[in-house]
Amino acid sequence: MLRATPRWIGIIVPLVAVLGACGRRPAPLFKLLSPRHTGVTFANTISTNDSVNVQNDVYIYNGAGVAVGDVNNDGLPDLFFSGNMVSSRLYLNKGNMQFEDITERAGVATKRWCTGATMVDINNDGFLDIYVSVSGPGGSKGKDRANLLFINNGDGTFTEQAEKYGIADTGFTTHAVFLDYDGDGYLDLFLLNNSPKDFARGAADTHPLGVKEPSPESWNKLYHNNGNGTFTDVSEKAGILRQIGYGLGVVVADVNRDGRPDIYVSNDVAPNDALYSNNGDGTFTDKRADWLKHTSFAGMGVDVADFNNDGWPDIAQMDMLPASLEQRKRMSGYLTHGGRIELRRRGFLDDYDANALQLSNGITPNGDIVFSDIATLAGVAATDWSWSALLALRHEWLSQSAQRSRLSDGGVRGAPGE
């Protein structure tokens, strides 16, 4: 005998269908491609032994850098990987996320401890050139640390000409950035240095700051582009501080919106970071003490962008604070109360072992920028040992059903940039 179907049965079926649709996870934004597909097989392999290890070279595992740019003007971005104990490699983009290793025939193989790579059209011929930062163990010879400049010949080959251009710097270079700091239309060069030699010398005083007179190899450098294919070191004249360089991050941005590029230097441990404000007369003034209440103590990678869309550039800086309390206690003895007092005695400002997210509050009547570190409030202060930061706009792709669901709930929630 047939029985009448309860009305709630008709409700369950579409409800289950809706819940099932809502429960499906959206497709991932990224997909991991294998070297077999991409052709990119570069590996920065570090081989240690009884004389080459982290005990006598504290920066041996700092890694190297990668640069992305269209070196042959075919509309596809190519890849350059710098290597420490292995040669740097240049991969030509063939399309469909497939690359060809052209290192040897392009003439960009290296036999130095390369730590960074920057692509720039240094001679304004329409082709990207490659500047390679070089460092090495504290006992390495200066000639072995000379930075490299591969000039693009426009035919798929490069010629190394750093010495000819006057920028074969022999310091312990971590990275290089190009900027037109004086507005003459030519790109100048800022070098971020990090000296294991001074670190080792300072160990006898239980802290790197024991080095009272750091070696020139640790100084950050500013080279002025003369406009004739040569550069001149103008560091001292421009106000770039001659101090111990433990630089691990550098970024160029117009922090105070005066139309001139400023430079932020992220230093590991000490000294304090430097925020070089461009004075517009060929000189810089370090405004770290005036504009920032504190920064990351073991500052690593850094980036500048307006993450809250208020028109003022903000600063994101990485450190190594663990998220869990247990791990924090294991590393908390690095900076003791006595060490903090000693730093203050030597004139250094207090910094803290945590990521920093410096929110710009705009400019004061006297021209200073006021920053507030909101990393803890924003939930980004503790991300363990973090090397680099990148502030970028994320485009969120929604399925049609997800769009309807969000619109029915009053619109998409979240602060700008989320």
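If you read the sequence from its start, that first residue is 1, and numbering goes on from there.
Looking at heavy atoms from C-beta onward, Ile240 lies in side-chain contact with Phe284 at the 4.5 angstrom threshold. Residues Thr383 and Asn355 meet the side-chain proximity criterion, which asks for heavy atoms closer than 4.5 Å. A 4.5 Å side-chain heavy-atom check between Tyr181 and Leu222 finds at least one atom pair inside the cut-off. Met300 is listed as a side-chain neighbour of Met320, based on a closest heavy-atom distance under 4.5 Å. At least one side-chain heavy atom of Asn220 sits under 4.5 Å from a side-chain heavy atom of Val265. Residues Asp70 and Pro77 have side chains not in contact (no heavy-atom distance under 4.5 Å, counting atoms from C-beta outward). Ser47 has its side chain within reach of Met85: a pair of non-hydrogen atoms, C-beta onward, lies under 4.5 Å apart. You'll find the side chain of Leu349 stays beyond 4.5 Å of the side chain of His294, heavy atoms only.
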Q. Given Phe150 and Thr159, is the side-chain contact (heavy atoms from CB on, under 4.5 Å) satisfied, shown in steps?
A. CA-CA 5 Å; Phe150 292 107; Thr159 303; over 6 Å; no
Q | side-chain contact (heavy atoms from CB on, under 4.5 Å) between Tyr264 and Gln317, worked out | A | CA-CA 10 Å; Tyr264 189 101; Gln317 184 184 23; 3.6 Å; yes
Q: Determine, stepwise, if the pair Ser140 / Asp144 fulfils side-chain hydrogen bond (donor to acceptor under 3.5 Å, both in side chains).
A: CA-CA 7 Å; Ser140 59; Asp144 297 329; over 6 Å; no
Q: May I have the step-by-step check of side-chain contact (heavy atoms from CB on, under 4.5 Å) for Ser296 and Met318, ending in yes or no?
A: CA-CA 7 Å; Ser296 298; Met318 297 293 99; over 6 Å; no
Q | Thr115 vs Asn62, side-chain contact (heavy atoms from CB on, under 4.5 Å): CA-CA, chis, key distance, verdict | A | CA-CA 8 Å; Thr115 53; Asn62 270 24; over 6 Å; no
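The neighbour count for Glu100 CD, taken as heavy atoms of other residues, nucleotides or ligands under 6.0 Å away, is above 12. In this structure, Trp387 places its CH2 atom where more than 12 heavy-atom neighbours from other residues, nucleotides or ligands lie under 6.0 Å away. Atom OH of Tyr352 has more than 12 neighbouring heavy atoms from other residues, nucleotides or ligands inside a 6.0 Å radius. Shown here is Glu236, whose CD atom has no more than 12 heavy atoms of other residues, nucleotides or ligands within 6.0 Å.
For residues 86-114, the pairs satisfying ring pair (Phe, Tyr, Trp, His ring centres under 6.0 Å) are Phe81-Tyr91, with sequence neighbours left out.
Both tests do not hold together for Arg288 against Phe348: distance to the six-membered ring centre under 6.0 Å, angle to the ring axis within 45°.
Note that the CG atom of Asp373 and the CG atom of Leu359 stand 9.5 Å from one another [nearest 0.5 Å]. Residue Asn308 holds its CG atom at 8.5 Å from OG of Ser360, rounded to the nearest 0.5 Å. Rounding to the nearest 0.5 angstrom, the gap separating the OG1 atom in Thr376 from the CG atom in Leu321 is 8.0 Å.
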Under 3.5 Å, which donor-acceptor pairs do the side chains of residues 164-172 form with other protein atoms, sequence neighbours left out?
residue	atom	partner	partner atom	Å
Asp169	OD1	Gly171	N	2.8
Asp169	OD2	Lys221	NZ	3.0
Asp169	OD2	Tyr223	OH	2.5

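Residues passing the side chain to side chain contact (heavy atoms under 4.5 Å, CB included) test with Thr103, sequence neighbours excluded: Ser87, Arg89, Leu90, Asp101, Val108, Ala109. Listed by chain and residue number, Tyr131 satisfy the ring-ring contact (aromatic ring centres under 6.0 Å, His included) test with Phe178 (two or more places apart in sequence, or in another chain). A search for side chain to side chain contact (heavy atoms under 4.5 Å, CB included) contacts involving Asn226 returns His224, Asn228, Thr230, Thr232, not counting sequence neighbours. Listed by chain and number, the residues in a side chain to side chain contact (heavy atoms under 4.5 Å, CB included) with Leu325 are Lys329 (sequence neighbours excluded). Among residues two or more places apart in sequence or in another chain, the side chain to side chain contact (heavy atoms under 4.5 Å, CB included) test is passed with Asn366 by Thr364, Asp368. Under the salt bridge (charged side-chain N to carboxylate O under 4.0 Å, His left out) criterion, Lys111 pairs with no residue, sequence neighbours left out. Among residues two or more places apart in sequence or in another chain, the ring-ring contact (aromatic ring centres under 6.0 Å, His included) test is passed with Phe190 by none. For Arg345, the salt bridge (charged side-chain N to carboxylate O under 4.0 Å, His left out) partners at least two apart in sequence or on another chain are Glu342. Arg344 pairs by the side-chain hydrogen bond (donor to acceptor under 3.5 Å, both in side chains) definition with Asp350, not counting sequence neighbours. With sequence neighbours excluded, the residues forming a side-chain hydrogen bond (donor to acceptor under 3.5 Å, both in side chains) with Asn272 are Asp351, listed by chain and number.
The closest side-chain donor-acceptor pair between Thr285 and Asn279 falls under 3.5 angstrom. Counting only N and O atoms by type, the side chains of Asn194 and Tyr59 include a donor and acceptor under 3.5 Å apart. A donor and an acceptor atom, one from each side chain of Asn84 and Asn44, are located under 3.5 Å apart. In this model, no donor atom of one side chain and acceptor atom of the other lie less than 3.5 Å apart for Ser133 and Asn147. Using a 3.5 Å distance cut-off with no hydrogens or angles, the side chains of Thr173 and Asn193 do pair a donor with an acceptor.
Nearest heavy-atom pair across Phe42 and Gly83 is CZ-CA, 3.9 Å. The heavy-atom pair separating Ser235 from Asp233 by the smallest distance is OG-OD1, 2.6 Å. Contact between Val252 and Pro261 at its shortest, heavy atoms only, is CG1-CB, 3.7 Å. In this structure, Asp262 and Val255 approach most closely via the heavy-atom pair OD2-N, 2.9 Å. The shortest non-hydrogen separation linking Ser277 to Trp291 is OG-CH2, 3.6 Å. The two residues Asp121 and Gly126 come nearest to each other via the heavy atoms OD2-N, 2.9 Å.
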